[in-house]
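Worksheet for the structure shown next.
Atoms within each ligand, like the ligands themselves, are counted from 1 in listed order. Values below: every heavy atom of this structure, side chains too, minus hydrogens, waters and symmetry copies.
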Amino acid sequence: MTKIAKLTLDDGRTIDLPVIEGSEHEKAIDITKLRAQTGYVTLDSGYMNTGACTSKITFLDGENGILRYRGYDIAELCEKSSFLEVSYLLIYGELPTADEFKAFRAKIRNHSLIHEDMKNFFNNYPGQTHPMAILSSMVCSLSAYYPGLLESDQSPEDRDATITRILSKVRVLAAFAYKRSIGQAFVYPKNSLNYVANFLNMMFEVPAEDYEIDPVAQRAMELLLILHADHEQNCSTSTVRLVGSSKANLFASISSGICALWGPLHGGANQEVLEMLEDIHKDGGDYKKFLDMAKDKNNPFKLMGFGHRVYKNFDPRAKIIKKACDDLLAKWGINDPLLEIAKGLEEAALKDPYFVERKLYPNVDFYSGIIYRAMGIPTNMFTVMFAIGRLPGWIAQWKEMVEDPAMKIGRPRQIYTGETSRTYSPIERRG
Ligand code: CMC
């Protein structure tokens, strides 16, 4: 039996709205026909309560701290899978068979090079350019090299070719952006290496020295990328969907997602966390002072890496990352004072009524930077790492949307609160 919700309007009319239920029993009131039926729209700034789509990709239960990709718990994927396998799972819906995975990996390997001309782009950025600016521009620039793949109504084969290219080349673009920022020669992809090892090699190999990939670092990177791979309708993913809904090509849609991710309230928070921990350290380590600043409503300072729109109990990603961070630093014998500050800060915040009442917990960005730092990844590359991790999620969400025959261009409404109609007066009469 179809479930309905009843809505009574201020003019006394009552209408029935269909209630839809997801596979995990999430309920929603379907307002698709609300305006046509009543002339009303809904207002929900920040989309706090608005489901923008139905999706089969990721399930997130913020109250219970659950995160599953295509039904698989992220903790299990982190333990047993690889980033490339998780990418396949997200994009194509199922874990690959051995043959499917072999073919997928071969395609990724075949497409790892970027056009030689693109190197000139990197060379012309000023030295201090933030690598996120370079990455977003370069991803969009890929569209210049594949004009044949830009048709909005692509065949499934062409869509796959675009997906494979972007997944493979993003590592090269990210590593080249880094090499450019430190003034070192670019290192080309080495296709005998796996996806993550190849990226680490492009980041850290220098012509004068042998670079050996540390398997511990490689595993830690796999884990971080898996944990970032999708997070349903967050700011950057919604951006990718919105841009893609105009039938803009995949490179352009992903590039806009990268820009959305850059913001400090979203993926840019990982860089901000580390800078905050460094500031506390430089200031003598008194994290309580910073906690007080975060609580002071007259101070714009926020405790970076704390709080989440959806998680109101704990962020399951943060739990896994905290443990990985402890294990990794112990394995490498690193004693990072920033880790001690982070732990002290977390402990104090979790006891503080301000944070308890508002259900503010450490999020994915709180400890990830300490791992990246231990690996030698510079702070301004942290958000780039997030972007590499989130790429398969963005692709999966874009693909799900464009393959839906009912796809519509995204176009929210507004409630206009400006001036009502008035008449133009020439400048000389305005005083
Ligand atoms: N430090 C201090 N106060 C905070 C913080 C924080 N980090 N986060 C939220 N609050 C307060 C906020 O001031 C508000 O207080 P009040 O009710 O008195 O006005 C209350 O908690 C609710 O916060 P909100 O800003 O309305 O919540 P939101 O859902 O709109 O924002 C957030 C979520 C993640 C943007 C926010 O918690 C924040 O800015 N955190 C710091 C930045 C950060 O770590 N971002 C990474 C998010 S996880 C990675 C990702 O997926 O993007």
message: I want to know if ligand 1 touches K302 in the polar sense, i.e. an N/O pair below 3.5 angstrom.
response: yes
message: Using a 3.5 Å cut-off on N or O atoms only, is H231 in polar contact with ligand 1?
response: no
message: Would you say atom 24 (P) of ligand 1 makes contact with the protein, given that contact here means a non-hydrogen protein atom less than 4.0 Å away?
response: no
message: Applying a heavy-atom cut-off of 4.0 Å, say which part of R358 lies close to ligand 1: side chain, backbone, both or neither.
response: side chain
message: If I apply the N/O under 3.5 Å rule, does G305 come out as touching ligand 1?
response: yes
query: Do ligand 1 and F306 have nitrogen or oxygen atoms that lie under 3.5 Å from each other?
result: yes
task: Rounded to the nearest 0.5 Å, what's the gap from SG on C78 to NZ on K323? Could you check?
output: 12.0 Å
- prompt: For D365, is at least one N or O under 3.5 Å away from an N or O on ligand 1?
  reply: no
task: Please state whether K297 comes within less than 4.0 angstrom of ligand 1, counting heavy atoms only.
output: yes
message: Would Y354 count as a contact residue for ligand 1, given that I'm defining contact as a non-hydrogen atom of the residue lying under 4.0 Å from a ligand atom?
response: yes
message: Between ligand 1 and L265, is the shortest N or O to N or O distance under 3.5 Å?
response: yes
- prompt: For ligand 1, which part of D315 has a heavy atom less than 4.0 Å away: the side chain, the backbone, both, or neither?
  reply: neither
message: Please tell me if atom 18 (O) of ligand 1 is touched by the protein, where touching means a protein heavy-atom distance below 4.0 Å.
response: yes
